[in-house]
**Q** 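Could you have a look at this structure, given as C-alpha cells, before my questions?
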There are 2 protein chains.
Amino acid sequence: MVPPASARTGPRKAAKATSAATSAAAPALSREAVIDRALEVADHEGLAAVSIRRIAQDFDVTPMALYWHVKNKDELLAAMGERIMDSVELPELAVDGGLQRLRPLLERLVGALARHPASTPLVQARILHCDTGRTLTEQALTILADAGFDTRRRAELSRAALQSVVMLVVGAPGAEIDVPEVERQAMRERKQQMLAGLPVDRYPLLIDSAAAMFDCDPATYYADGIELFLAGVTALAARREHRPA
Amino acid sequence: MVPPASARTGPRKAAKATSAATSAAAPALSREAVIDRALEVADHEGLAAVSIRRIAQDFDVTPMALYWHVKNKDELLAAMGERIMDSVELPELAVDGGLQRLRPLLERLVGALARHPASTPLVQARILHCDTGRTLTEQALTILADAGFDTRRRAELSRAALQSVVMLVVGAPGAEIDVPEVERQAMRERKQQMLAGLPVDRYPLLIDSAAAMFDCDPATYYADGIELFLAGVTALAARREHRPA
DNA sequence: ACCTGAACACCGTTCAAGT
DNA sequence: ACCTGAACACCGTTCAAGT
C-alpha cells in the first residue's frame with residue numbers, strides 16, 4: 001500500500017549527539033507537535049503514511065509515548081481535521097450584500113483546506129465539532145436565512161456550501177491526494193496518456209477536454225467552483241421570490 | 001481502528017461438512033466474487049473492515065489465494081470503485097431539453113452510488129478509468145457544449161457535476177459512512193446530543209437546523225442537491241448568453 | 001491454472017513497569 | 001506527569017512449493 005519506506009524528510013537525530021544541544025532535530029513531544037507532524041507527513045507522503053509508529057519515530061520516541069498525548073489513532077485523525085478547520089481565518093459578517101456574503105466565507109475555507117489537501121477528507125466529519133466550523137456554519141445559515149430560505153433549505157444549503165468546498169479541494173485536478181508528493185507528476189502523466197489513448201470517435205469531447213482538465217490554474221479553478229455554488233443558491237433564492245408560497 | 005473482531009455476517013463453513021454439498025456457504029472464489037464480497041463487507045461494516053485476510057476468511061481460503069484473482073489491495077479497491085460505476089444505468093441522451101438533460105444523468109449516478117455509500121469515495125478517482133464513467137462524462141460534456149460552454153468551462157463543469165453527486169452521497173446526513181452499520185444509530189444520537197448541548201446564544205440558527213440536518217428524507221435530499229447544481233449551471237449559461245464576449 | 005505454508009515487515013493497542 | 005518494554009492480534013505481500 002505504502003511504498004517500501006525509504007525517503008524520509010522529518011526531524012531525526014543528526015548523529016548520536018550527546019544530550020546537551022541536540023541541534024535542530026526533534027522538537028519536544030506534545031499533543032500539538034504530534035498533530036503538526038502528522039499533517040506534515042500527510043502533506044508530503046499522503047494520509048496513508050500517517051501512523052502512530054511512524055510519527056513516534058520522527059520524534060525519536062517509542063510508539064506508546066504518543067498515547068499519553070493522544071487517545072488513539074482515530075482521535076489523532078480527528079484532531080488533524082479540527083486543526084485545519086481552526087486555521088480558517090473567519091471573515092466578519094457584513095450587514096448587507098445578500099448571498100454574495102457567502103463568497104468570502106467560502107474563499108477563506110478554500111484557503112485553509114488547500115494548505116493540506118491530503119488531510120482535507122478528515123475535515124468533512126469534524127466541521128461541527130470545532131468552534132470555527134460551527135461559527136462558519138452559523139454565518140452561512142444567517143446569510144441563507146436573510147435570503148428567505150426556511151429551516152430545512154438553510155440546513156441543506158449550508159451543508160452543501162461547506163461540502164462543495166471540501167469537494168473542490170479534494171477533487172482538485174492534479175491534486176492527486178493520497179499519492180506521495182514524489183509520484184504525483186508521474187501519476188498525472190500516466191492519466192493523461194491514458195486519456196490520449198482513447199478512441200476519438202467514442203469520446204471526442206472528453207479527449208478535447210483532457211488538456212484543460214490537467215493543466216489548470218488553481219486560482220481560477222477555485223474561483224469558478226465558488227461561482228458555480230453562488231450562482232446556484234442565487235437562482236434558487238430568486239425562484240422563491242417570484243412565486244412565494 | 002476497527003472494533004475488536006466479533007460479529008461477522010459473511011458466508012462461513014456451516015459446520016465441518018464433508019466435501020460434497022457444503023450447503024449454501026462460500027461461493028466459488030473468483031475475481032468477481034471477491035469484489036462483490038468486498039462491497040458487501042464495506043456496506044455493512046465500513047470500508048476499513050475490507051482486508052485481504054478478512055475476505056479470504058469469508059471464502060474459507062488462504063489470504064494468498066486472493067492474489068491470484070487480484071493484483072493487490074489497491075487494485076481491489078479500484079475494482080470496487082469501477083464496479084459501482086459500471087452499475088450505473090446509462091440514460092439515452094435526448095436531442096433537446098438543454099441543460100435539463102443533465103438531470104437524468106445525475107439521477108442515475110446517485111442511484112448507483114447510493115447503493116454503496118461506504119465505497120463511494122473509491123469512485124472519485126476511478127470515474128475516467130471505466131467505460132461507463134467515460135460515457136457519462138462524454139454525455140455531460142455534450143450537454144454543456146450545446147449550452148455554449150467553451151472547452152475549459154465544460155471540463156470544469158462536467159467534473160463538478162459528477163463530483164457533486166459523489167459529495168451528495170458521501171456527505172448524506174445520517175449516512176455516517178465508515179461507521180459500521182450497527183453503530184450508526186448510536187453515532188447519530190451522540191451527534192444530535194452534542195448539537196443540543198451547544199450555547200443557544202452563540203449558535204441559534206445551527207441549533208434550529210439540527211433537527212432538519214438529521215431526520216431528512218433521502219429522496220428530497222438528493223433531488224434538492226441535483227436541483228442546486230442544475231440551477232447553478234443554468235444561471236452561468238444564462239450569463240454567457242446575455243453578455244456574449 | 002489455482003491454491004497453500006512459512007516468513008517478513010509492517011500496523012494499533014494494552015498493560016505493567018519504570019523515572 | 002511522562003515515557004519504556006514486552007506482548008498481542010492484526011495487517012499486506014513475497015516466494016517457493018504443491019496439485
Side-chain angles (χ1 to χ4, degrees), chain A residues 1-8 10-11 13 16 19 22 25-35 37-38 41-42 45-80 122 178-180 183, chain B residues 1-8 10-11 13 16 19 22 25-35 37-38 41-42 45-80 122 178-180 183:
Chain A
M1 204 132 184
V2 184
S6 68
R8 293 273 166 75
K13 256 194 295 207
K16 22 180 145 174
S19 50
T22 337
L29 191 58
S30 75
R31 185 178 162 87
E32 302 310 298
V34 167
I35 298 170
R37 181 69 196 137
V41 171
E45 304 169 43
L47 205 50
V50 174
S51 78
I52 295 281
R53 292 179 120 104
R54 159 64 193 280
I55 304 291
Q57 226 176 84
D58 289 352
F59 280 100
D60 274 317
V61 115
T62 253
M64 297 71 84
L66 292 211
Y67 283 89
W68 184 262
H69 304 276
V70 129
K71 192 164 158 269
N72 54 34
K73 190 178 175 182
D74 279 346
E75 205 231 6
L76 171 57
L77 295 175
M80 291 167 69
L122 300 175
D178 83 1
V179 170
E183 306 168 23
Chain B
M1 205 128 186
V2 184
S6 70
R8 292 272 169 74
K13 253 193 294 207
K16 24 181 144 174
S19 51
T22 337
L29 191 58
S30 74
R31 184 179 165 85
E32 303 310 299
V34 167
I35 298 170
R37 182 70 195 134
V41 171
E45 305 170 43
L47 204 50
V50 174
S51 77
I52 296 281
R53 292 180 120 103
R54 159 63 193 279
I55 305 291
Q57 226 178 84
D58 289 352
F59 279 101
D60 274 317
V61 113
T62 254
M64 297 70 85
L66 293 211
Y67 284 91
W68 184 262
H69 304 276
V70 129
K71 190 164 159 269
N72 53 33
K73 190 179 173 182
D74 279 347
E75 205 230 7
L76 170 57
L77 295 175
M80 290 166 68
L122 299 176
D178 83 0
V179 170
E183 306 168 24

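All values below were derived from every heavy atom in this structure, side-chain atoms included, with hydrogens, water molecules and symmetry-related copies excluded. Residue numbers begin at 1 in each chain, while the letters A, B, ... track the order of the sequences.
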**Q** Whole angstroms only, please: what is the NZ-P distance between B:Lys73 and D:dT14?
**A** 15 Å
**Q** Quick one: closest heavy-atom pair of B:Val50 and B:Ala38, and the distance?
**A** CG2-O, 3.4 Å
**Q** Please give, in whole Å, the distance from D:dG12 C1' to B:Lys71 NZ?
**A** 13 Å
**Q** When you get a sec, tell me which of C:dA1, C:dT4, D:dC3 is the closest nucleotide to the side chain of A:Val61?
**A** D:dC3
**Q** Are any non-hydrogen side-chain atoms of B:Leu29 and B:Leu66 less than 4.5 angstrom apart?
**A** yes
**Q** Would you say a side-chain N or O of A:Thr62 is under 4.0 Å from OP1 or OP2 of D:dC3?
**A** no
**Q** What's the CH2-C1' distance between A:Trp68 and C:dT19, to the nearest Å?
**A** 13 Å
**Q** Would you tell me if any nitrogen or oxygen in the side chain of B:Tyr67 comes within less than 4.0 Å of OP1 or OP2 on D:dT14?
**A** no
**Q** Identify, between B:Arg53 and A:Ile52, the residue whose nearest nucleotide on DNA chain C lies closer to the 5' end.
**A** B:Arg53
**Q** How long is the line joining CD of A:Gln57 and P of C:dA9, in whole Å?
**A** 14 Å
**Q** Using whole Å, what does the distance between atom P of nucleotide D:dG12 and atom CG of B:Asn72 come to?
**A** 11 Å
**Q** Would one find a side-chain N or O of A:His69 under 4.0 angstrom from OP1 or OP2 of D:dC3?
**A** yes
**Q** When both hydrogen-bonding distances must be under 3.5 Å and the geometry is Watson-Crick or G-U wobble, what is D:dG12 paired with, if anything?
**A** C:dC8
**Q** Who does C:dA17 pair with, Watson-Crick or G-U, both distances under 3.5 Å?
**A** none
**Q** Can you check the A:Leu76 CG to C:dT13 C1' distance for me, whole Å?
**A** 14 Å
**Q** Do A:Leu77 and A:Met80 touch side chain to side chain, with heavy atoms closer than 4.5 Å?
**A** yes
**Q** Rounded to the nearest angstrom, tell me the gap between atom CE in B:Met64 and atom C1' in C:dT4.
**A** 6 Å
**Q** Closest approach of B:Ala28 and B:Ala33, non-hydrogen atoms and distance?
**A** O-CB, 3.6 Å
**Q** Counting heavy atoms from C-beta on, name the nucleotide in C:dT4, C:dT13, D:dC11 closest to the side chain of B:Ser51.
**A** D:dC11
**Q** Looking at B:Ala65, is its backbone amide N or carbonyl O close enough to the side chain of B:Thr62 to form a donor-acceptor pair, meaning the two atoms are under 3.5 Å apart?
**A** no
**Q** D:dG12 C1' sits how many Å from B:Glu75 CD, rounded?
**A** 14 Å
